[in-house]
Amino acid sequence: MDFDVPILSDSEEPPPPPTGRIDLDALLNDLTGPQREAVLHTEGPLLVLAAAGSGKTRVITRRIAYLIHCGVPAWQILALTFTNKAAGEMRERIHAILSPSGDGRAVRGLTVTTFHSLCARLLRRYAEPAGLKPDFTIYDTSDQTALVKKAIETCQLSTSNFPARSVLTAISNAKNDLVDADAFAAASFDYTTKVVARVYRAYTDAMRRANAVDFDDLLLLTARVLARNADVREECRRRYQYLLVDEYQDTNKAQFQIASLIVGTQTEPGTRGPNFCAVGDPDQAIYGWRGADISNILEFEEHYPGAKVITLGENFRSTPAILSAADTLIRINRRRKHKPLFSSKAGGEPVEVVSCNDERQEAAIVAHWLKERHTHAAWRDMAVFYRTNALSRVMEDALREANIPYTIARGTAFYEREEVKNALAYLRVVANPADSVSLGRIINVPTRGIGATTYSRIEAAADQTAVTAFEVLRRAESVPDLTARAAGAISKFVAMVDGWTGGGSFMGQSVPHTLHDLVDRIVKESGLESMYKAQAAASQNESDLERMENLAELVSSAAEFEKEWDPAADPAAAAGGDSSAPPLLALLRAYLESIALVADADAVDPSQGSVTLMTLHAAKGLEFPAVAIVGLEEALLPHAREMENDAAMEEERRLCFVGITRAMRRLLMTHAKYRTIRGIPERTVPSRFLAELGKGNTIVSDRGRDEEDAWEHDSRSGAAHASGASPRRPGAGAAFPVGCNVRHPQFGIGVVQTVTGGANARVSVLFRGIGLKTLVLEFARLSKV
DNA sequence: CATAAGTCTTTTTTT
DNA sequence: AAGACTTATG
């Protein structure tokens, strides 16, 4: 085979010659020129700008296979993806290329994982230099919120002045920018920032005392330990000679730092620089709100001088009709390097745009559209995307009504259920007794006479003596003001936990020896199961029975995990960590970690034979022959909270672009003229993005009623009007049409976004410098400008 | 201390 | 509409 691509022209140290283990021809001959070039460029920094649908995954998997084929030991290769599912698929595809017959020796030691999993693994391995204990718990958002709340209280502040959510956001943003509590305090001058700095400090202290880390800590602490500890850095560098990062446009500063510390940035003269391959697409950057910094990808060449840049522009996924709509839309973004999208396919149906009356009709229309598609395509080949999770509900109802099988991509949904969270909290206390948030959650669930007063006394004692709450429980007699009854209840609780852990040793006859046994016993002996059983009996409620089933499902998921777990292959265990941990504890830890790091997109399972429902964010990286995107309305997509500045608006547009480019053959985009938001029906405005698709690319139809009818319908379907109350005509609303400029005595100048009808008509106005406010029309002191 | 009822508020997106 | 949070009552 004759390739016009120089294979190793500019490298001094060519990799070992191909060993001929695989069919090189098969690996390369169906690739385009640029794709092949990306696969063959193994040495030195490489940036692959991969447009949507340009065969990115194929290039990545072939490239890794090629590296191994060239003799690079698989264990020297580290590939980082966005979700576990992407990692799993990639690993499978590489495996399929290298050892089709399946012995898997060629890929042994290859690391394909997410940033967060890698960091968790490194932090367990290097717990000590990171200032942690290896059995740390990973806190999710609700755990974080609980702890921030407590931190706010310890700082003697009020959560009404400083809502936990916003403080947490500030802390999280700081961490994403690699600003720790000390640095934050040093840089805070105004009152609010200083307060946040105090809470940040208190929160961090509480976190360490609970032997816990949050998602941001995984990245921050890893970056810090790599930066400050030369030994750790060297060890990682020696191990990971080849780094590949996918979705590079969505990495934040911490991730950027981790990557550059692992590969090293110093380029001695004459060398070609680190073997770092970044793959991404600036047009698909949709995580700015969580600290992702698009300049990581835009400035790659400055960070890694001499980097080779390859652009994959040809789209193999979508019809020209869909592609043209996507391209017309994304061209509107000003801060953007134009990158033409082109297709080798021909024809295709135009994008269908449908106006609906309300969200229920919208859902019914989508269901009907899916049914039509089903005459040619399988359910698994279709998907429905929406901006916010709240929109899934109506869609679910409609699909159930239409007998269409569906699955919602919400990886964490199961683990967020109350009963499952409770059972997991027990497991976390067993794995890490210092975990105060989990302990607080379950100490009186089911009720066992240890109420809020008692527990706050325990916590106070723990804070004062700087020991963990669980240790205080062990010697509850010494806690002042505890009632004898409470003390008795506490010692029973401690005895129960000790029964599962053997007092922490995980040894002894009566202690569980398998994860399955442990989880099963905890669910039963904690009283959780009987509590929900009693509730189910009392209420005859379907959802209470469901809780029982969920507990059973958790037990079997633990059994499943146990069966598949290979201690040798387990990242945490294999990386060393504290190898002294009892085997069951190591297993439990791995189980809890796998749960903590599930992504929504992980729940997408094409083998399910059902339509997939998911957010636009979760849709990134996927493709479906038929796609419907719902809720194309101003204030929803683009979202109200992101309409205030151009950068945010452009990110919303990219989000829409990501949704469109998932579609291979058919695309439906809908909006509802009326949508019920938090209980009140509101008039909406079609998304600007619909107009921006380009007239020639779409075929538009209106299935909604006209305005007058809609108002009538709206006031009647408001259902809960007090009898006799005459629904207000849109008279007042008409005075402030959507888009009109208004003045408010307090908020200043703004633009009307939505106007509702009904008994309590609202008007929402986007005020300059203030944001979106919803006012009761009758009382709003608004005047037209 | 436990529970029920009533009031208030509301991150959109996620590892 | 749904959940978090507060207060009243036994």
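Computed over heavy atoms, backbone and side chain alike; hydrogens, waters and symmetry mates excluded. Convention: sequence-line order gives letters A, B, ...; per-chain numbering from 1.
- Whole-Å rounding puts the A:Glu652 CD to B:dT13 C1' distance at 8 Å.
- With B:dT15, B:dT10, B:dA2 as the choices, the nucleotide that has an atom nearest any side-chain atom of A:Asn444 turns out to be B:dA2.
- The residue from A:Arg683, A:Arg688, A:Arg675 that alone fulfils the salt bridge (Lys or Arg N to Asp or Glu O under 4.0 Å) condition with A:Glu634 is A:Arg688.
- The CG-P distance, from A:Asn84 to B:dT15, rounds to 9 Å in whole Å.
- Map A:Ala618 and A:Arg448 each onto its nearest nucleotide of DNA chain B; the residue landing nearer the 5' end is A:Arg448.
- Between A:Tyr287 and A:Phe82, the two ring planes are tilted [angle within 30° to 60°].
- Atoms CZ (A:Arg410) and C1' (B:dT15) sit 13 Å apart, rounded to a whole Å.
- Of all nucleotides in DNA chain C having an atom under 4.0 Å from a heavy atom of chain A, the first and last in 5' to 3' order are C:dA1 to C:dC5.
- The existence of a salt bridge linking A:Lys85 and A:Glu89 is confirmed by a sub-4.0 Å separation between a basic side-chain nitrogen and an acidic carboxylate oxygen.
- A straight line from CD1 of A:Ile258 to C1' of B:dT15 spans 12 Å, rounded to a whole angstrom.
- Using a 4.0 Å heavy-atom distance criterion, A:Asn389 is classed as a sugar-phosphate-only contact.
- Of the inter-residue distances, the one linking A:Arg589 atom CZ with A:Phe136 atom CZ reads 8.5 Å to the nearest 0.5 angstrom.
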Stepwise side-chain hydrogen bond (donor to acceptor under 3.5 Å, both in side chains) test for A:Gln361 and A:Glu359: CA-CA 5 Å; A:Gln361 191 199 16; A:Glu359 69 271 19; over 6 Å; no
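- Distance A:Glu651 CD to B:dT14 P: 13 Å, rounded to the nearest Å.
- One can place OH of A:Tyr455 at 15 Å from P of B:dA2, the figure rounded to the nearest angstrom.
- At a threshold of 4.0 angstrom between heavy atoms, the contacts of A:Tyr287 are confined to the sugar-phosphate backbone, with no base atom among them.
- We find that A:Lys150 and A:Glu153 are not joined by a salt bridge, their nearest charged nitrogen and carboxylate oxygen being 4.0 Å or further apart.
- The distance between the ring centers of A:Trp289 and A:His639 does not fall below 6.0 angstrom.
- Here A:Arg387 pairs with A:Glu652 in a salt bridge; the nearest charged N to carboxylate O distance falls below 4.0 Å.
- One can place CE of A:Met614 at 17 Å from C1' of B:dT12, the figure rounded to the nearest angstrom.
- Heavy atoms of A:Thr83 sit nowhere under 4.0 angstrom from any nucleic acid atom.
- When side chains are defined from C-beta on, A:Val279 does not count as touching A:Tyr248, because their heavy atoms never get closer than 4.5 Å.
- Considering only the side chain of A:Arg641, B:dT11 comes nearest among B:dT3, B:dC1, B:dT11.
- Each of A:Asp602 and A:Ile450 was assigned the nucleotide of DNA chain B with the nearest heavy atom; the assignment lying further toward the 5' end belongs to A:Ile450.
- One can place CD of A:Glu642 at 13 Å from P of B:dT14, the figure rounded to the nearest angstrom.
- Note on A:Lys149: only backbone sugar-phosphate atoms sit closer than 4.0 angstrom, heavy atoms only; bases stay farther off.
- Listed pair A:Thr169 / B:dT11 fails the phosphate criterion, with no side-chain N or O lying under 4.0 Å from OP1 or OP2.
- Of the side-chain N and O atoms in A:Thr412, none sit less than 4.0 angstrom from OP1 or OP2 of B:dT14.
- At the heavy-atom level, A:Asp140 lies nowhere under 4.0 Å from the strands shown.
- A donor-acceptor contact under 3.5 angstrom links the side-chain atoms of A:Arg387 to the base of B:dT12.
- In terms of polar N and O atoms assigned as donor or acceptor, the side chain of A:Arg165 never comes within less than 3.5 Å of the base of B:dT11 in a complementary pairing.
- Nucleotides B:dT13 and C:dA4, compared at atom P, are 15 Å apart to the nearest Å.
- Listed nucleotides: B:dC1, B:dT15, B:dT12. Nearest to the side chain of A:Arg485: B:dC1.
- Nearest to the side chain of A:Thr141, among B:dT11, B:dC1, B:dT14, sits B:dT11.
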